[in-house]
Amino acid sequence: MWAYVAHPHTLPVDVTGRRGQQLRDLVASRLAGWHPDLHRLITHTPSDTIEQFDFTAAARVKPWPTTNVTLLGDAIHAMPPVGGLGGNAALSDANALRRALIALTSEQQLLPALAGYERAMLKNGFAAVRAATLYLRLATLRSRTLRAAARTFFRLCGAVPPLRRAVFAD
């Protein structure tokens, strides 16, 4: 799976109506200087699998009265698919819910356990939404200089583990 993320103002005005091969050709035309393997991945993608869509992010919600039904992942805190944050948030939610359910010793503890899960899920999930939205903004800045600075910063974080932990740790 691949995605080409760009600020709408950097795309042709008629891009909204494009599909499949037209989108693939547009992206391929912007790959000058990219690694040949990545270029090949994009140009060999079947055109009927290529779609265009705008990213969205869920608005933060207030806690609700807990019942025996709860939410996790995109069902509550959908976010732009950047940095793997959405998938990681969903897996984190699932693991937290699993831990809350395993810790139950009686049926009477279900609602308090779910309420605790929901409090933590809302805090962590919407922190991920904020981060994904920020990363999307950085990736689509109109200024090439600012985009280059953001890319350099993220590469530096990737190369220096103490910096990565300081910036991305909970």
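- To the nearest 0.5 Å, atoms CG (Asp48) and CZ (Arg24) are separated by 9.5 Å.
- Leu38 places none of its side-chain heavy atoms less than 4.5 Å from the side chain of Leu31.
- Atom CZ of Arg137 sits in a sparse spot, with 12 or fewer heavy atoms from other residues, nucleotides or ligands closer than 6.0 Å.
- Under a hydrophobic clustering in which Ile, Leu, Val, Met, Phe, Trp and Tyr are joined whenever their side-chain heavy atoms come within less than 4.5 Å, directly or via other members, Trp34 and Ile50 fall into the same cluster.
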Please lay out, stage by stage, how Leu101 and Leu110 fare under the test side-chain contact (heavy atoms from CB on, under 4.5 Å). CA-CA 7 Å; Leu101 294 174; Leu110 177 63; 3.8 Å; yes
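- With a 6.0 Å radius and a threshold of 12 heavy atoms from other residues, nucleotides or ligands, Arg19 has its CZ atom at or below the threshold.
- Thr43 and Ala28 get closest at one heavy-atom pair: CG2-CB, 3.8 Å.
- Proximity of a side-chain donor or acceptor of His44 to a complementary backbone N or O of Arg40 within less than 3.5 Å is detected.
- A donor-acceptor pair under 3.5 Å links the side-chain atoms of Thr152 to the main chain of Ala148, judged by distance alone.
- No side-chain heavy atom of His77 sits under 4.5 Å from any side-chain heavy atom of Arg60.
- Listed for the Arg164 side chain is no donor-acceptor partner under 3.5 Å among the backbone atoms of Ala159.
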Just do the side chain to side chain donor-acceptor pair (under 3.5 Å) check on Gln52 and Thr16 with the steps written out, would you? CA-CA 8 Å; Gln52 177 192 150; Thr16 302; 4.6 Å; no
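- The two residues Leu97 and Leu114 make their nearest non-hydrogen contact at CD1-CD2, 3.6 Å.
- Looking at Tyr4 and Leu26, their side chains never come closer than 4.5 Å, going by heavy atoms from C-beta outward.
- A donor-acceptor distance shorter than 3.5 angstrom exists from the side chain of Thr45 to the backbone of Leu41, with no hydrogens or angles considered.
- Not a single donor-acceptor pair under 3.5 Å links the side chain of Asn95 to the backbone N or O of Leu91.
- Rounded to the nearest 0.5 Å, atoms CG (Leu136) and CG (Leu138) are 9.0 Å apart.
- Across every non-hydrogen atom of Ala132 and Leu85, the tightest pair is N-CD1, 3.5 Å.
- Counting non-hydrogen atoms of neighbouring residues, nucleotides and ligands closer than 6.0 angstrom, the CG atom of Asp14 exceeds 12 such neighbours.
- Among all heavy-atom pairs drawn from Gly17 and Gln22, the shortest one is O-OE1, 4.3 Å.
- Looking at Tyr117 and Asp93, their side chains come closer than 4.5 Å, going by heavy atoms from C-beta outward.
- In terms of heavy atoms, Ala128 sits closest to Ala89 at CB-CB, 4.2 Å.
- Inter-residue side-chain proximity for Val5 and Tyr135 is flagged as unmet; no heavy-atom pair is nearer than 4.5 Å.
- Linking Ile, Leu, Val, Met, Phe, Trp and Tyr whenever their side-chain heavy atoms come within less than 4.5 Å puts Phe53 and Val129 in one cluster.
- The backbone N or O of Asn88 sits nowhere less than 3.5 Å from a side-chain atom of Ser92 that would complete a donor-acceptor pair.
- Side chains of Trp64 and Glu118 form a contact here, defined as non-hydrogen atoms less than 4.5 Å apart.
- Within the 4.5 Å cutoff, the side chain of Leu11 has heavy atoms near those of the Arg30 side chain.
- Considering CG of Leu23 and OG1 of Thr49, their distance stands at 10.5 Å, rounded to 0.5 Å.
- Placement of Val82 and Val27 in two distinct hydrophobic clusters is found when ILVMFWY residues are connected by side-chain heavy-atom separations under 4.5 Å, directly or transitively.
- Nearest heavy-atom pair, Ala57 versus Thr133, reported as atom, atom and distance to 0.1 Å: CB-OG1, 3.7 Å.
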